[in-house]
Number of protein chains: 2
Amino acid sequence: MKELTPRQQEILDFLQQQHQANGSMPSCQEIAGHFGFRSPNAVTEHLRLLRQKGVILREPGKARALRIVTPLQKLRRCVQDIPLYGSIPAGFAEAREQQAEGCVSVDINSVGYQPTRNAFALRVTGESMIGRHILDGDLVILEHGPDPRNGEIVAALIDGESTLKTYVVKQGKPYLKAENPKFPNLIPAQELVIQGVFRALIRPAKV
Amino acid sequence: MKELTPRQQEILDFLQQQHQANGSMPSCQEIAGHFGFRSPNAVTEHLRLLRQKGVILREPGKARALRIVTPLQKLRRCVQDIPLYGSIPAGFAEAREQQAEGCVSVDINSVGYQPTRNAFALRVTGESMIGRHILDGDLVILEHGPDPRNGEIVAALIDGESTLKTYVVKQGKPYLKAENPKFPNLIPAQELVIQGVFRALIRPAKV
DNA sequence: CCAAATACTGTATGTAAATACAGTATGAAA
DNA sequence: TTTCATACTGTATTTACATACAGTATTTGG
């Protein structure tokens with residue numbers, strides 16, 4: 001790939017910024033308007049050169065049909081948005097999307113699996129799962145729905161709060177186990193609502 | 001927000017999938033083509049209803065100028081692409097973007113800080129940092145450039161491989177310490193290249 | 001049972017947008 | 001000095017696209 005001229009870099013930056021802001025690419029006329037060109041041809045020429053240098057893709061004849069190709073975006077997979085809850089008090093279905101506190105956006109490649117529509121994220125408070133290397137402040141991504149297997153980490157509703165525990169089956173009976181000697185152990189899982197099964201974790205930077 | 005009909009959900013899903021795949025929204029005709037409509041009017045009608053229900057935004061008259069409005073996307077911040085390397089043998093600047101093995105895409109909200117252009121990701125192999133709760137298979141996000149502070153986790157080039165260690169200063173001298181009793185401890189940091197300072201972590205799902 | 005909303009067909013139209021053709025000015029390379 | 005690529009102006013043309021109008025089944029709610 002050859003180097004871009006300063007002007008070409010300006011055009012490319014504008015394309016990228018507009019796509020971020022509006023979700024779609026600007027038309028040739030809009031680009032011309034932004035840079036004060038009186039002729040749409042100036043844009044056509046620039047886009048031709050950008051295409052020639054391999055930094056954008058075009059579908060000829062189509063409106064707003066250009067894509068920026070960066071080395072990273074070639075590798076980039078689909079980015080999924082997962083709702084982040086503070087806690088999930090009661091039913092799961094109702095809570096979905098309404099009262100999400102935030103949003104965790106990760107590509108399925110990094111996170112190692114394809115989140116379903118039942119995926120959600122929780123922020124961990126406390127050190128109760130330190131034995132499984134989950135720390136205070138971590139974001140955990142969970143799947144709502146599937147039955148947990150022995151030894152998997154689950155989020156359960158305990159005293160109105162979503163709490164992470166290990167799901168263990170002992171003599172045929174399911175229990176929830178905290179992975180920290182300071183915490184109470186082995187709560188019978190029958191009367192508890194399992195909200196989700198642990199899938200992945202994000203540990204944000206310390207501030 | 002009112003409920004969407006099944007057909008409307010299909011249309012919305014198609015819009016979302018196409019935008020993910022192509023970076024731009026399909027035109028009315030393309031939507032009609034996909035669903036086998038013989039009239040572009042069917043699409044116009046659907047888009048009108050989707051707009052009315054508040055799930056998409058439109059700019060009238062403009063080609064492909066529709067945006068999906070989900071509660072999650074309102075919360076979503078900027079998604080950043082961070083190059084993923086297997087290891088970084090020598091110079092950092094040269095390696096950038098060329099030989100990236102993959103790409104980690106996270107929003108800066110989830111990851112807790114704003115990655116710079118010098119951010120990169122490594123996949124952890126081995127259990128040498130288990131004392132700091134970093135496991136085999138984890139993705140770590142690092143910043144290249146800043147001087148590490150005492151106790152911070154760094155990636156250093158040891159025997160041609162990037163290895164995670166804790167950076168400790170003992171009696172004015174910097175050392176690198178493995179957080180696992182099985183591993184050799186306290187390597188003098190002078191002759192080693194510090195490639196990056198730990199910022200965040202992603203633990204993918206086990207397969 | 002009727003009214004209203006959904007889910008379309010079919011044709012037509014205005015315009016937004018890409019493109020084509022003909023030029024001009026400027027700086028770098030040869 | 002010529003040549004070539006960049007960086008544009010100006011006008012014209014074609015087509016991709018959104019939209020408007022007229023009409024028909026099917027479903028849903030009161």
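Each chain gets a letter, A, B and so on, in the order the sequences are listed, and its residues count up from 1.
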[X] side-chain proximity, nearest of [options]:
X	options	result
B:Thr5	C:dA22, C:dT6, D:dC8	C:dT6
A:Ser27	C:dA18, C:dC8, C:dA22	C:dA18
A:Ala42	C:dT9, C:dA18, D:dT9	D:dT9
A:His46	C:dA18, D:dC8, C:dC21	D:dC8
A:Gln29	D:dC8, C:dA7, C:dA17	C:dA17
A:Phe37	D:dC8, D:dC17, D:dT11	D:dC8
A:Lys62	D:dC17, C:dA18, C:dT6	D:dC17
B:Gln8	D:dT9, C:dA7, C:dT9	C:dA7
B:Leu49	C:dT6, C:dA18, D:dT11	C:dT6
A:Arg7	D:dG10, D:dC8, C:dG10	D:dC8

Roughly, in whole Å, what's the span from [atom1] in [X] to [atom2] in [N]?
X	N	atom1	atom2	result
B:Leu50	C:dT6	CG	P	11 Å
B:Glu45	D:dT26	CD	P	18 Å
A:Arg58	C:dA17	CZ	C1'	11 Å
B:Leu47	D:dA20	CG	C1'	15 Å
B:Arg38	D:dA22	CZ	P	23 Å
A:Phe35	D:dA7	CZ	C1'	13 Å
A:Asn41	D:dT13	CG	P	15 Å
A:Ile56	C:dA18	CD1	P	11 Å

Geometric class of the A:His133/B:His133 ring pair [parallel <30°, tilted 30-60°, perpendicular >60°]: tilted
Select from B:Ala63 and B:Pro6 the residue whose nearest nucleotide in DNA chain C is closer to the 5' end of that strand. B:Pro6
DNA chain C: A:Glu59 or B:Arg48, which has the more 5' nearest nucleotide? B:Arg48
Is a donor on one side and an acceptor on the other found under 3.5 Å between the side chain of B:His19 and the backbone of B:Met25? no
Using atom types as modelled and distance alone, determine if a side-chain donor or acceptor of B:Arg123 lies under 3.5 Å from a backbone N or O of B:Gly137. yes
Show, in sequence, the C-alpha distance, side-chain angles and deciding distance for A:Leu142 and A:Leu164, and conclude whether the side chain to side chain contact (heavy atoms under 4.5 Å, CB included) test is met. CA-CA 10 Å; A:Leu142 305 121; A:Leu164 282 189; 4.1 Å; yes
Closer to the 5' end of DNA chain D via nearest nucleotide, is it A:Pro40 or A:Pro60? A:Pro40
Taking atom types as they are modelled, is there a donor-acceptor pair under 3.5 Å from the base of C:dA17 to the side chain of A:Glu30? no
Does either side chain, that of A:Asp13 or that of A:Gln9, offer a donor lying less than 3.5 Å from an acceptor on the other one? yes
Pairwise distance CG(B:Asn150) to OG1(B:Thr166) - rounded to 0.5 angstrom: 10.0 Å
